[in-house]
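Here is the structure we will look at.
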Amino acid sequence: MSNFLDENFLLRTTAAQILYHEYAVDMPIIDYHCHLPAEDIASDRRFENLTQAWLEGDHYKWRAMRINGVEERYCTGSASDREKFDAWGQTVPYTVMNPLYHWTHLELIRYFGIHDLLTPTSSARIFDQCSELLKTPEYSCQELLKRMNVHVVCTTNDPIEHLSSHIALANQTSEILVVPGFRADKASQIKDPISWIQYIQDLAESVQMSIESPDSLLEALQTRHDYFALHGCMVSDHGEEQLYAEEYTRVDIQKVFDSTMQGNIPSYHEIRVFKSWLLYELAKMDHAAGWTQQFHLSALRNNNSLAPGTDCGYDSIGDFAIAKATAHFLDQLHQSGYLSRTILYSVNPAHNEVLASMCGNFSEHPIPGKIQFGTAWWFMDQIDGMERQLTALSNMGLISRFVGMLTDSRSFLSFPRHEYFRRILCNMVGGQVHHGELPNDLNWLGEMIQNICYNNARDFFRFKRPQNEANERIVVS
């Protein structure tokens, strides 16, 4: 019998333990998609207490607290930081068998050396102990990243952002490379004309030009795309319910653009046509720049109309028919020569085999794993979800070319999720060795594990330090 979260947590065979402890554990981290605020890294922020570091912006925890009957003021409301943490401490015992229970205690151990369980009884003591540590220089944001051996952080940024924090970081001597990710979702959200028109005005202001046509919208986005590339961006990200590949003409797009700019609510078909056009044009920009494009699909977002805002934990798994449109979208890009490195994610596990098999349709020389079936994400980044994603990828593709895990997190304390993934991966591979399904060549398999943990992502994304006065543009190694 093992103790809770001991050194062999989730590692059920001797081979799994060797693969993790001798090959996986010390590999650096490339977190190629997250929502960490770059300004906190640039300023090397020190959190005043554990609530700020742990609950600020973390909709996973807010969601669990609401399910536990906690009032909203303890989640996103006006309660004090200590009151919010106490509410979380009261909730944690009820998260048993939810990944939050593992994550919470892994984070207490890895960052603070605290092996006690978080309960209503221990809550005040743990809050005080961790808060005191967080105030020290050794627990600043950059130091928290170093503590977890993070080499690259790729943030998620709207095209209109100035990237001032990324610019500041490029001129620091930080060991950690922080690069932006280009997320232009708002440019396609014509379903709400009022919000979309305001966004178009903000985009126009950011590039100091008028946007009065589809062509000028593309010109503005290309200007921002070039700006992001100048500051180290190598990835785009799209948070659409599904991919779109409707037939359209220039006249169709002009009509939809003009009508929406006049404040008219577009039809369901017009929305799909506009998204099809803009996603294709953005993909062409990514290809020209040599970027990787990421598509996070099948999330049904912001379902509660009484929620205190967006991205607050009122999202769920969506059920969309994604196969035909995804195939058509990728094929259009492939035929025209604009298909760049691509990662497809779905938060719906019913899509695992669909996407894993889809990736093989468009892979080609000379890029290994050019089209990737992305890691288990959001609701799926737990033991069962990761095992199902890894199994589908193994069965339908080449797991040895997989680019591995990301956090998709807003918390600087979330990086033990990479450990969680690595333990699950090593356990699956080690289990097959134990049962004679793989050869007992742990050096060979260990190299594969290291590639999945770090090397594949390094080679696939090719993140580089942006040019500045102090250094040349250097490939991250």
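Here the OG1 atom belonging to T391 is positioned 10.5 Å from the CE atom belonging to M396, to the nearest 0.5 angstrom. Once rounded to the nearest 0.5 Å, the distance linking SG of C312 with CZ of R63 reads 12.0 Å. Rounded to the nearest 0.5 angstrom, N49 CG and E56 CD are separated by 9.0 Å. Here the OG atom belonging to S340 is positioned 12.5 Å from the CE atom belonging to M285, to the nearest 0.5 angstrom. Here the CG atom belonging to D158 is positioned 8.0 Å from the CZ atom belonging to F182, to the nearest 0.5 angstrom. With rounding to the nearest 0.5 angstrom, the CD atom of Q52 is 12.0 Å from the OG atom of S411.
Enclosure of atom CG in D226 by more than 12 non-hydrogen atoms of other residues, nucleotides or ligands within 6.0 angstrom is indicated. The environment of E143 atom CD is dense: over 12 non-hydrogen atoms of other residues, nucleotides or ligands sit within 6.0 angstrom. With a 6.0 Å radius and a threshold of 12 heavy atoms from other residues, nucleotides or ligands, E175 has its CD atom at or below the threshold. Within 6.0 Å of CZ on R401 lie no more than 12 heavy atoms contributed by other residues, nucleotides or ligands. Within 6.0 Å of atom CD in E83, more than 12 heavy atoms from other residues, nucleotides or ligands are found, so the atom counts as buried in its surroundings.
In this structure, M428 and M386 have side chains that are not in contact, with every pair of non-hydrogen atoms separated by 4.5 Å or more. Counting only heavy atoms from C-beta outward, the side chains of P466 and L230 never approach each other to under 4.5 Å. L117 has its side chain out of reach of V92: every pair of non-hydrogen atoms, C-beta onward, lies at least 4.5 Å apart. Under the 4.5 Å side-chain criterion, counting only non-hydrogen atoms from C-beta, D86 is not in contact with Y74. Two residues are said to be in side-chain contact when any heavy atoms from C-beta on lie closer than 4.5 Å; E107 and C130 fail this criterion. Between T91 and K61 there is no side-chain heavy-atom pair separated by less than 4.5 Å. Side-chain contact between H162 and I167 is present, with at least one heavy-atom pair separated by less than 4.5 Å. Residues N8 and Y20 have side chains not in contact (no heavy-atom distance under 4.5 Å, counting atoms from C-beta outward).
Side-chain contact of S346 with H351: a donor-acceptor pair under 3.5 Å is present, judged by distance alone. Side chains of S236 and D286: a donor on one and an acceptor on the other come within 3.5 Å. Side-chain contact annotation: T155 with H166, donor-acceptor N/O pair under 3.5 Å present. When only modelled atom types and interatomic distance are considered, E240 and S188 share a side-chain donor-acceptor pair under 3.5 Å. For the residue pair N302/T310, the side-chain donor-acceptor check at 3.5 Å is not satisfied.
For V70 against A87, the heavy-atom pair with the smallest separation is CG1-CB, 4.0 Å. Taking each heavy atom of C141 and D40 in turn, the nearest pair found is CB-O, 3.7 Å. Residue D185 comes nearest to D237 through the heavy atom pair OD1-O, 4.0 Å, listed as atom of the first residue, atom of the second, then distance. Closest heavy-atom contact between G181 and F228: O-CE2, 3.9 Å. Shown here for C34 and T407, the closest heavy-atom pair between the two residues is CB-OG1, 3.5 Å. Looking at every heavy atom in both residues, F402 comes nearest to L390 through CE2-CD2, 3.9 Å.
At distances below 3.5 Å, at least one donor-acceptor pair connects side-chain atoms of Q17 with backbone N or O atoms of L11. For S206 (side chain) and I160 (main-chain N/O), no donor-acceptor pair under 3.5 Å exists by modelled atom type. In this structure a side-chain-to-backbone donor-acceptor pair under 3.5 Å is present from R224 to E161. Between the side chain of N348 and the main chain of G318, a donor-acceptor pair closer than 3.5 Å is present. Q142 places a side-chain N or O within 3.5 Å of a backbone atom of I41 that can act as its donor or acceptor partner. Using modelled atom types, one side-chain atom of W62 and one backbone atom of L55 make a donor-acceptor pair closer than 3.5 Å. Remark: the backbone N or O of D192 is not paired with any side-chain donor or acceptor of S195 at under 3.5 angstrom. S131 places no side-chain N or O within donor-acceptor distance of the main-chain N or O of Q129, the cut-off being under 3.5 Å. Checking side-chain atoms of N427 against main-chain N and O of A16 turns up no donor-acceptor pair under 3.5 Å. Judged by distance alone, the side chain of H105 and the main-chain N or O of L118 form a donor-acceptor pair under 3.5 Å.
Salt bridge absent: D202 and K186 never bring a charged side-chain N and a carboxylate O closer than 4.0 Å. Under a 4.0 Å N-O distance rule, the pair R82/D128 qualifies as a salt bridge. Under 4.0 Å is where a charged nitrogen must lie from a carboxylate oxygen, and between R422 and E419 no such pair does. Taking a cutoff of 4.0 Å between a charged side-chain nitrogen and a carboxylate oxygen, K191 and E241 do not qualify as a salt bridge.
Remark: R417 qualifies as a cation-pi partner of Y60 under the 6.0 Å distance and 45° angle criteria applied to the six-membered ring. Judged by the 6.0 Å distance and 45° axis criteria, R423 is not positioned over the aromatic ring of F9.
In this structure, R46 has no side-chain hydrogen bond (donor to acceptor under 3.5 Å, both in side chains) partners at least two apart in sequence or on a different chain.
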Steps toward side chain to side chain contact (heavy atoms under 4.5 Å, CB included) verdict (I322, L243): CA-CA 7 Å; I322 68 169; L243 287 173; over 6 Å; no

Given side chain to side chain contact (heavy atoms under 4.5 Å, CB included), test W103 with D381 step by step and report yes or no. CA-CA 11 Å; W103 295 348; D381 56 0; 3.4 Å; yes

Evaluate the criterion side chain to side chain contact (heavy atoms under 4.5 Å, CB included) for residue pair M234 and V179; output intermediate values, then yes/no. CA-CA 8 Å; M234 290 291 291; V179 293; over 6 Å; no

Report the C-alpha distance between M405 and Y420 in whole Å, list the side-chain angles of each, state the deciding distance to 0.1 Å, and finish with yes or no for side chain to side chain contact (heavy atoms under 4.5 Å, CB included). CA-CA 10 Å; M405 185 58 174; Y420 204 58; over 6 Å; no

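Partner of F127 under the ring-ring contact (aromatic ring centres under 6.0 Å, His included) criterion, out of W88, F112, F85: F85 alone.
Annotation: F4 is in aromatic contact with Y101 [ring centroid separation under 6.0 Å]. Between Y345 and H33, the ring centre distance reaches or exceeds 6.0 Å. Two rings, from Y111 and F415, have their centers 6.0 Å or more apart.
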